[in-house]
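In what follows, chains are A, B, ... by sequence order, proteins preceding strands, each numbered from 1. This one's a predicted model, so the numbers in the text were calculated from it and none came from an experiment.
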Amino acid sequence: MNLDTLLRSEIQKSVLALFGQQVENFQLQPTNQEFEGSHTLVCFPLTKISKKNPEETAKAIGEYLVANSGIVSRFNVVKGFLNLVLGDSVWLQMLEAIYTNPSFGQLPDNGEEIMIEYSSPNTNKPLHLGHLRNNFLGWSVAEIYKANGYKVHKVQIINDRGIHICKSMAAWTLYGDGETPQTSGMKGDHLVGKYYVEFDKAYKAQVKALIEKGASEAEAEKQAPIMKLASEMLRKWEQKDSEVLQLWSMMNGWVYKGFNATYEKMGVDFDKLYYESDTYLLGKEEVMKGLEKGVFFKKEDGSVWVDLTGDGLDQKVLLRADGTSVYMTQDIGTAILRFRDFPKIGGQVYTVGNEQEYHFKVLFLILGKLGYEWAKRCYHLSYGMVDLPTGKMKSREGTVVDADDLIDEMVKEAEQQTRELGKVEDLTPQEARQLFEMIGLGALKFFLLKVDPKKRMLFDPNESIQLQGFTGPFIQYTHARIRAILRKAESLGITVAKEDFKVIKSLEPAEREVLQVLQTFEGKIKEAAREYAPSIVANLVYELAKEYNQFYQNIPIFNEADAGKLKGRIALSKAVADAIKKGMQLLGIQVPERM
RNA sequence: GGUCCGAUAGCUCAACUGGAUAGAGCAACAGCCUUCUAAGCUGUAGGUUCGGGGUUCGAGUCCCUGUCGGAUCACCA
């Protein structure tokens, strides 16, 4: 039973009985704090049907609902707003329904499948703050879809080939002196990243030197020896030169090991990995097929293009004149391969930054032109960049925030603050360690997920490690407090069964307010999937925790003499703790038993 | 230059898709630990929702226009 749907149908009945017309779309919203009631019907649009002014319309519906619905106990009218007060028995029934439903927050299996891609790093440098937003977002959206009853495939595409990795390879060959993760003690991804930076340094110096000798800029950029070496390696790679391939797979191997360690720390996982080195050839094939079908065309120099001017876009290259593939070619291949691998998926979601909006618009158009009807069920989950207080992150300028460093700092900060508060006395060292990680990572994830994904956001390190207010740790703390209550109830032998709800006579306003938020939980989970927005879940969980804390602070649970009321409060607490746990799980955040 | 996105309290973000006197957190100030965890709670202060027009019972939200940010328009990925 869903309260909103029930109330809506009662309102529909009333309008039909009073004014003789069926209404479908009318606005039912939460009542403002300052007025009595929980639900408010906006009556202005109904005046056309009622032929009365808004106040009279509201009053008539209110009276009818009190007399006939059985769920509305009182009402008041302010201007055209009809504020409804539901009977306590309605709220209690709802609490009972939630409390006795072990899978509250998990909607039934709907038989649909969906694929969600996220992360998709290049293999030439370690993960950074931008990847964190990407991974947390994609992973969370996947969990939200699972909660909506979908079967979900979490995937990533690994950018393991191309000039970028050849740059690291070139620099390592020249300056590496055989350095490995083992000999250097560096994480593999960081080691490879180091040589990417080395490449850039050497390249810039060489270009500068050439220009000083009188070369033009364009010429110098092509002639720089280290760039020539990288290009040579790319060419050899495509020709499957065994020496280059060996170096390539060794260095990529280092990177994967490093990435995996980071993913593990992040609590992010994948069901299947795709590698561009496996998909770009399929992409080429598909482009050639498209060329035969006349979907694409060839220019004089041999390059292959698609003309999207009819769709308001430009012409776009799909194969270079030398026959090698570009980014778009690979993505075409990958998309097709995925639908072959998983024929039952209804669609695919790409979690990729908004600087690639144009790219995905083009990709989906091309797939449509190639005749794949699923093209229109591909969705680019486009999220905004993460800025720093100092401005944009620029890898070339060394202003990137490294993912490993950031996570370590967050955990360290969590540890420090937790120790200062003296919360670790009864914990074993392992338990304490787990708690610090839970809090540090929880703070970070919540900070990145609470903002609407579409929006560009500011990452202020000082604010992200805050543990008070609208933060992950605040919610984790609320959960821990409730668990303490439930442990106490257990030790006192207090249990709540289905029959107990009949004994509860009334509710305090603070309890109703908690229930009012709790009641919207599943609706928000649906909305979060529809909007691809974990922020909706984050906001809801925060509001729930806040509302519960008000209740907690004002009503000492175990002082209650009335056994029914006491049990009601235990049940409410349990329901809130479970919802918090479930909601946070959708964000990838664990909640502690004590903190 | 074309296209797209954004601008809300000092700062970071909300606002149920057109509804009531625009809400939270942080920062500031004032209170609350003898009862379940003060990482909490209560209160005060803080707003011309970038400017200007328009649409209607009603606009932060929709339309037009201007200003300021950002992204994109590569035989890069």
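- A:Gln476 comes within contact range of no nucleotide atom at all, as no heavy-atom separation falls under 4.0 Å.
- The side chain of A:Asn559 lies closest to B:U35, out of B:U35, B:G19, B:A20.
- For NZ of A:Lys581, the number of neighbouring non-hydrogen atoms (other residues, nucleotides, ligands) closer than 6.0 Å is 12 at most.
- For the residue pair A:Arg481 and A:Asn549, a side-chain donor N or O sits within less than 3.5 Å of a side-chain acceptor on the partner.
- If you take atom C1' in B:A24 and the same atom in B:A45, they sit 16 Å apart, rounded to whole Å.
- The phosphate of B:C5 (OP1 or OP2) has no side-chain N or O of A:Lys455 nearer than 4.0 angstrom.
- The side chain of A:Gln29 has B:G19 as its nearest neighbour among B:G40, B:G19, B:C76.
- In the set B:U37, B:C41, B:A77, B:A77 carries the atom at the smallest distance from any side-chain atom of A:Val326.
- With P as the reference atom, B:A15 and B:G53 are 28 Å apart, rounded to whole Å.
- Within 4.0 Å (heavy atoms only), A:Gln468 reaches sugar-phosphate atoms of the nucleic acid but no base atom.
- With B:G19, B:C13, B:U37 as the candidates, the nucleotide lying closest to the side chain of A:Pro45 is B:G19.
- Between B:U37 and A:Arg483, no contact under 4.0 Å exists linking OP1 or OP2 to a side-chain N or O.
- Between the side chain of A:Asp331 and the base of B:A77, no donor-acceptor pair of N or O atoms lies under 3.5 Å.
- Nucleic acid contact class of A:Thr418 (heavy atoms, under 4.0 Å, all strands): base.
- Checking A:Asn134 against A:Thr351 by side-chain atom types alone, no donor-acceptor pair falls below 3.5 Å.
- No N or O donor and acceptor, one from the side chain of A:Asp460 and one from the base of B:U12, sit under 3.5 Å apart.
- Out of B:C16, B:C41, B:C36, the shortest distance to the side chain of A:Pro30 is found at B:C16.
- Of the side-chain N and O atoms in A:Lys79, one or more sit less than 4.0 angstrom from OP1 or OP2 of B:U21.
- Using a 4.0 Å cut-off, some side-chain N or O of A:Gln27 falls inside it from OP1 or OP2 of B:U17.
- Counted by atom type alone, A:His164 and A:Asn159 present zero donor-acceptor pairs between their side chains at under 3.5 Å.
- Nucleotides B:G10 and B:C50 place their P atoms 13 Å apart, quoted to the nearest Å.
- Distance noted for atom P between B:U34 and B:A39: 15 Å (whole Å).
- Checking B:G66 for Watson-Crick or G-U wobble geometry (two distances, each under 3.5 Å) identifies B:C50 as its partner.
- Base contact: A:Gln356 has a heavy atom under 4.0 Å from a base atom.
- Within the 4.0 angstrom heavy-atom criterion, only backbone atoms of the sugar-phosphate kind lie near A:Phe474; the bases stay farther away.
- For the residue pair A:Gln516/A:Ser38, the side-chain donor-acceptor check at 3.5 Å is not satisfied.
- Residue A:Arg594 is classed as a base contact, given a heavy-atom separation below 4.0 Å to a base.
- Backbone-only engagement by A:Asp452 is indicated by non-hydrogen atom pairs under 4.0 Å involving sugar-phosphate atoms exclusively.
- A:Met595 places its CE atom 13 Å from the P atom of B:A38, with the value rounded to the nearest Å.
- Figure legend: cation-pi geometry between A:Lys450 and A:Tyr542 absent, as NZ or CZ is not positioned both under 6.0 Å from the six-membered ring centre and within 45° of its axis.
- Computed from coordinates, the A:Arg481 CZ to B:C33 C1' distance equals 11 Å when rounded to whole Å.
- Between A:Arg320 and B:C76, a side-chain N or O to OP1/OP2 separation shorter than 4.0 Å is present.
- Residue A:Leu458 is classed as a sugar-phosphate contact, given heavy-atom separations below 4.0 Å to backbone atoms only.
- The base-pairing partner of B:U42, taking Watson-Crick or G-U wobble contacts with both distances under 3.5 Å, is B:A30.
- Side-chain proximity of A:Arg456 to the nucleotides B:A71, B:A20, B:C41 is greatest for B:A71.
- At a cut-off of 3.5 Å, with distance as the only test, no side-chain donor of A:Tyr280 or A:Thr324 sits close to an acceptor on the other residue.
- Once the 5.5 Å centre distance and the 30° plane angle are applied, the aromatic ring of A:Tyr542 is found not to be stacked with the base of B:A24.
- The base of B:A20 sits within donor-acceptor range of the side chain of A:Thr40, with an N or O pair under 3.5 Å.
- Looking at heavy-atom distances under 4.0 Å, A:Ile165 makes no contact with the nucleic acid at all.
- For A:Leu467, the side-chain atoms get nearest to B:A39 when compared with the rest of B:G19, B:A39, B:U72.
- Taking 4.0 angstrom as the limit, A:Tyr358 places none of its side-chain polar atoms (N or O) nearer than this to OP1 or OP2 of B:U72.
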